[in-house]
Amino acid sequence: MLVFTLASVSLVFVIGIGLYYRSIPILNKLSWFDLLTKSAWKPMKGLFGFYPFIMGTLWVTAIAIIIALPLSIFTSLYLVEYAHAKIKRVLIPFVNLLSGIPPVIYGVWGVLFIVPLIQEHIAPHFIEFSTGYSVLAGGIVLAVMIFPLIVSIITEVLTTIPQDLKDASLSIGATKWETIKKVIIRKATPGIIAATVLAISRAFGETIAVLMVCGNNAVVPHSVFDTGYPLPALIANNYGEMMSIPLYDSALMFAALLLFIIILLFNIISRVILARLERNLTT
Amino acid sequence: MIKRKIEELFFKVLMILATIIVTGSFFLIVGTIFSKGVPYMNLDMITKIPGGGFYIGKEGGVLNAIIGSLYIAGGATILGLIISIPVAIYINMYIDGKKFKSNLIRLAFDVLFGIPSIVYGAFGFLIMVYFGIRASLLGGIIAVTLLVIPILVRTLDEVIRTVPGELRDAALSLGATRWEAAKVILRQIRPGIFTAILLSFGRGIGDVASVLFTAGFSDNIPTSLHEPAATLPLAIFFQLGSPVEEVQGRAYASALILTIVVLIITVLAELLIKKFSKHKI
Amino acid sequence: MTNTPHISVQDFNVYIENQHILKNININIPNKSVTSIIGPSGCGKTTLLKSFNRLLDNTANVKIDGKVLVDGENIYDPNVEVTHIRKKMGLLSQRPYPLPMSIYDNVAYGPRIHGIRNKSELDELVELQLKATGLWNEVKDRLNASATRLSIGQQQRLCLARGLAVEPEIILGDESTSALDPVSTHIIEDLFINLKQKYTIVLVTHILRQARRVSDYIIFVYMGKIIEFGPTEEVLLNPKEELTREYVKGFIS
């Protein structure tokens with residue numbers, strides 16, 4: 001038992017070390033700084049600039065959070081503070097079902113629904129032409145994917161806020177909304193931050209759904225209708241062919257290492273916040 | 001007062017709209033998949049392997065992917081359980097009292113849970129290269145096992161924690177060893193183990209990024225662990241990009257099959273979880 | 001009972017989760033005096049208190065019928081403004097629940113909500129209410145500190161000041177001293193006695209000694225019914241009903 005426990009816990013380190021080990025060849029050739037800030041991606045010529053992929057990831061993630069966070073906060077507030085028990089019982093299972101849908105299905109939905117929607121109905125209002133395959137499409141699909149994650153954490157945090165505290169505000173004559181705005185949100189802020197951080201790390205790592213709708217051009221996006229090429233998509237798309245090109249394999253492992261480090265940090269931060277919050281509210 | 005009431009009303013409407021969008025997106029997704037998939041659905045789809053190559057052949061179905069998915073998700077879940085059950089028991093029975101230690105282990109699994117499947121895929125590939133395994137059923141099972149271990153441990157841990165401490169103490173006070181007491185608890189949480197299996201299977205069957213370069217892809221049903229295997233998500237992913245309409249149709253039908261399977265699994269798991277934590281929302 | 005009732009409860013029934021919690025309550029709460037509601041735990045004391053400012057509205061599966069008149073106005077009338085009702089009453093709960101903000105903002109919370117924006121007016125109000133609750137000298141140098149830094153006793157007085165700042169007519173106390181040490185309890189009790197010159201005060205308490213010390217009238221509730229109501233000394237020392245006698249027996253002997 002101890003062996004299994006240690007083995008699986010140490011998986012965190014083993015993965016990190018394994019990926020780092022395989023990244024060494026490219027790190028010997030190019031500095032971290034160059035890898036992260038150069039834009040040229042020409043594996044044939046030995047040029048590995050990750051900047052476009054990092055920017056692609058950031059664009060998609062930012063769009064997803066901007067869409068998902070307000071919607072999820074409002075949904076959680078409605079479910080916890082306003083919705084009748086019956087409505088809550090009906091709605092919450094659908095949020096959970098949403099979290100069970102596999103990424104590839106989100107991807108298919110993105111291709112069939114979101115991409116045409118952008119191409120035909122959204123983009124024409126702003127620019128001359130877009131295929132629809134864009135960081136916006138990736139952001140929207142990702143936003144829907146992280147709804148359940150954010151909603152479930154925030155509803156849990158909201159339900160742990162004592163009714164007496166809400167009553168204290170209501171009994172002064174505050175409306176429900178004023179109580180939410182001035183008391184509940186303030187009390188729930190650490191939980192909202194933790195949920196956001198967790199959602200960001202989830203969005204960073206999402207591969208297939210994003211890959212299917214983003215267009216995958218190794219160019220830094222400048223508008224939401226531009227194509228983008230997030231890091232996970234880079235790994236997924238090129239793994240098969242990497243063997244024949246020197247350093248390519250190492251470069252992709254470096255991409256995985258980068259993802260791993262960022263997500264590890266974000267996860268630890270949000271879990272620590274949540275654990276502390278739980279302790280504060282239960283004692 | 002009027003202003004305050006309008007403000008409240010405004011935000012209430014906003015909240016209801018947000019709720020409609022969030023829950024409605026579920027119906028939008030399922031609706032899209034059904035409307036596209038149903039026309040291509042037929043018996044051949046689930047009883048035949050693709051004829052003439054998965055990318056261009058117009059005949060046949062996706063039986064290869066269905067079987068491959070079952071093998072990989074099933075194999076990974078079994079392998080994962082063998083590892084996870086002892087871990088969950090260890091966290092709860094052998095180191096309780098030392099809160100810090102068990103919480104640190106829980107944190108590790110929370111973090112592992114957050115690691116994206118593409119990283120597990122890449123890491124699984126490293127293991128395969130190290131042991132000289134080619135892209136195969138076995139490779140896929142290894143990568144997906146890594147992916148589902150955190151899910152299994154977290155779910156089992158949560159379920160074991162709902163077992164009243166008295167039951168465990170009672171078993172121990174009767175002179176049972178810890179391992180015997182653990183068996184009592186395992187019997188107690190049997191439905192919980194089933195939930196964990198469902199969640200793990202659901203995740204395993206739906207994931208692409210972890211099997212993308214570990215399982216390979218094949219038009220045939222694998223007959224040994226060392227043969228490459230197709231999976232449903234991969235079949236969707238690859239066939240969707242085909243220029244041939246019938247092949248795209250196979251992708252839509254596969255998406256429909258996968259969605260139905262995963263929805264059934266999620267609903268079952270939900271029902272079981274509800275039985276366990278009535279106090280939670 | 002010499003003065004006109006401030007709160008008048010008429011044929012009032014409350015059901016929660018299909019259980020009949022309050023049964024046919026009829027009571028007139030006298031103006032500008034302290035009335036204590038006593039009774040064994042689970043008898044419906046707190047439910048009765050919370051029905052006075054409609055905090056029951058937030059309870060799941062609740063059904064209410066009957067009337068509660070405050071200043072002659074039925075607060076359960078569908079046309080009535082809930083926030084307006086609640087503004088008339090300050091609530092002091094079992095444990096202090098300071099809002100997650102500074103000491104100053106806690107007291108200024110109510111006035112701000114009800115539209116006072118003027119800084120000097122707010123300053124004046126905050127000082128006035130903190131003085132009324134005897135906190136001013138203890139906190140005047142750290143008004144911007146978080147309210148959660150105060151001791152529990154100070155927090156409870158802050159909550160009282162917060163309630164008073166919206167200039168209510170009625171103060172409701174739900175076992176407001178049960179989490180406090182004896183010294184803080186004494187301070188709060190004295191505050192109630194002083195405040196009754198300006199306010200009508202209704203307290204829920206399970207401490208009969210406290211009921212006797214601070215209240216003018218006592219309501220004895222048992223199993224969701226009002227068994228007896230009258231001046232403090234009469235109910236405690238010379239009860240008319242058998243049930244009341246049983247309950248206060250320990251107190252008399």
Side-chain angles (χ1 to χ4, degrees), chain A residues 1-2 4-5 8-9 11-12 15 18-19 22 71-72 74-75 77-79 82 88 91-98 100-106 108-109 111-113 144 147 151 155 159 175-177 198 201-202 205-208 232 235-236 239-240 253 256 259-260 263-264 267-268 271, chain B residues 4-5 7-8 11-12 14-16 18-19 21-23 25-26 28-29 32-33 36 83 86-87 89-91 94 103 105 107-108 110-112 114-119 122-123 125-126 146 149 153 202 206-209 212-213 233 236-237 240 251 255 258-259 262-263 265-267 270 281:
Chain A
M1 264 182 257
L2 179 63
F4 278 160
T5 307
S8 32
V9 167
L11 205 55
V12 181
I15 292 176
L19 294 177
R22 296 294 299 249
L71 285 172
S72 303
F74 277 133
T75 302
L77 285 170
Y78 179 73
L79 289 175
Y82 287 92
K88 225 158 53 174
L91 289 183
I92 286 179
F94 286 113
V95 179
N96 292 339
L97 281 178
L98 201 57
I101 295 177
V104 71
I105 300 295
Y106 281 99
V108 173
W109 175 66
V111 171
L112 294 177
F113 187 84
V144 179
F147 279 155
V151 170
T155 45
T159 37
T175 61
K176 229 170 186 177
W177 169 248
L198 213 53
S201 77
R202 172 80 191 277
E206 183 41 49
T207 311
I208 288 300
I235 307 171
Y239 219 77
M253 284 302 170
L259 271 182
F260 173 78
I263 288 165
L264 191 72
N267 263 279
I268 292 174
R271 293 294 172 186
Chain B
R4 292 170 63 200
K5 275 184 100 168
E7 188 183 325
E8 167 125 42
F11 280 99
K12 201 173 165 185
L14 220 56
M15 283 184 236
I16 292 174
T19 309
I21 293 174
V22 169
T23 46
S25 55
F26 170 77
L28 206 54
I29 293 171
T32 306
I33 301 295
K36 271 286 187 178
I83 296 167
V87 173
I89 289 176
Y90 182 79
I91 300 174
Y94 285 77
N103 282 341
I105 296 178
L107 175 69
D110 283 343
V111 169
L112 282 171
I115 291 174
S117 58
I118 186 82
V119 172
F123 181 70
F125 187 78
L126 287 187
L146 296 176
I149 284 176
V153 172
D207 197 68
V208 180
L212 194 55
F213 20 82
I236 299 168
F237 183 54
L240 198 65
L258 182 61
T259 305
V262 168
L263 283 185
I265 289 174
T266 318
V267 169
E270 272 297 307
I281 54 151

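To find a chain, count down the sequence lines: A is the first, B the second, and so on, and within it residues start at 1.
When each of Val12(A), Asn267(A), Leu264(A) is paired with Leu112(B), the side chain to side chain contact (heavy atoms under 4.5 Å, CB included) condition holds for Val12(A) and for no other.
Between chain B and the options Leu112(A), Ile101(A), Val108(A), the largest number of non-hydrogen pairs under 4.5 Å is found for Leu112(A). Chain B forms more heavy-atom pairs under 4.5 Å with one residue of Ile15(A), Thr207(A), Val151(A) than with any other, namely Ile15(A). Between chain A and the options Ile83(B), Thr23(B), Asp110(B), Val262(B), the largest number of non-hydrogen pairs under 4.5 Å is found for Asp110(B). Among Val144(A), Leu19(A), Leu198(A), Thr175(A), the residue with the largest count of heavy-atom pairs under 4.5 Å with chain B is Thr175(A). Residue with the most contacts toward chain B among Leu77(A), Leu91(A), Ile268(A), Val95(A): Leu91(A) (heavy-atom pairs, distance under 4.5 Å). Interface check for chain A: of the options Val119(B), Leu126(B), Val267(B), Ile21(B), the most heavy-atom pairs under 4.5 Å are formed by Leu126(B). Between chain B and the options Ile263(A), Leu259(A), Ile105(A), the largest number of non-hydrogen pairs under 4.5 Å is found for Ile105(A). The candidate with the highest count of non-hydrogen atom pairs below 4.5 Å against chain B, out of Thr75(A), Leu98(A), Val9(A), is Thr75(A). Put simply, of Ser117(B), Gly202(B), Ala122(B), the one with the most heavy-atom pairs under 4.5 Å next to chain A is Ala122(B).
Separating the OG1 atom in Thr5(A) from the CD1 atom in Ile91(B) is a distance of 6.5 Å, to the nearest 0.5 Å. In this structure, Ile118(B) CD1 and Phe260(A) CZ are separated by 14.5 Å, a value rounded to the nearest 0.5 Å. To the nearest 0.5 angstrom, Ile208(A) atom CD1 is 8.0 Å from Asp207(B) atom CG. One distance of note links CZ of Phe26(B) with CG of Leu97(A); it measures 4.5 Å at 0.5 Å rounding. How far CG of Leu146(B) is from CG of Leu11(A): 5.5 Å, rounded to the nearest 0.5 Å. Taking CH2 from Trp177(A) and CE from Met15(B), the interatomic distance works out to 5.0 Å, rounded to the nearest 0.5 Å.
Of the atoms belonging to Leu71(A), heavy atoms from both backbone and side chain fall under 4.5 Å from chain B. Contacts between Glu8(B) and chain A at a heavy-atom distance below 4.5 Å involve backbone atoms as well as side-chain atoms. Proximity to chain A (any heavy atom under 4.5 Å) is shown, for Leu28(B), by both the backbone and the side chain. Using a 4.5 Å cut-off between heavy atoms, Ile115(B) contacts chain A through both its backbone and its side chain.
The nearest pair of heavy atoms linking Ala236(A) to Phe213(B) is CA-CE2, 4.1 Å. The minimum heavy-atom distance linking Tyr106(A) with Ile29(B) is given by the pair CE2-CD1, 3.5 Å. Pro103(A) and Gly206(B) make their closest contact through CD-O, 4.0 Å (heavy atoms, listed as atom of the first residue, atom of the second, distance).
The aromatic rings of Phe11(B) and Phe74(A) lie tilted to each other, with the angle between the two planes from 30° to 60°.
Taking the side chain as every heavy atom from C-beta outward, Phe4(A) and Ile149(B) never approach each other to under 4.5 Å. Side-chain contact check for Pro102(A) versus Leu258(B): some heavy-atom pair is nearer than 4.5 Å.
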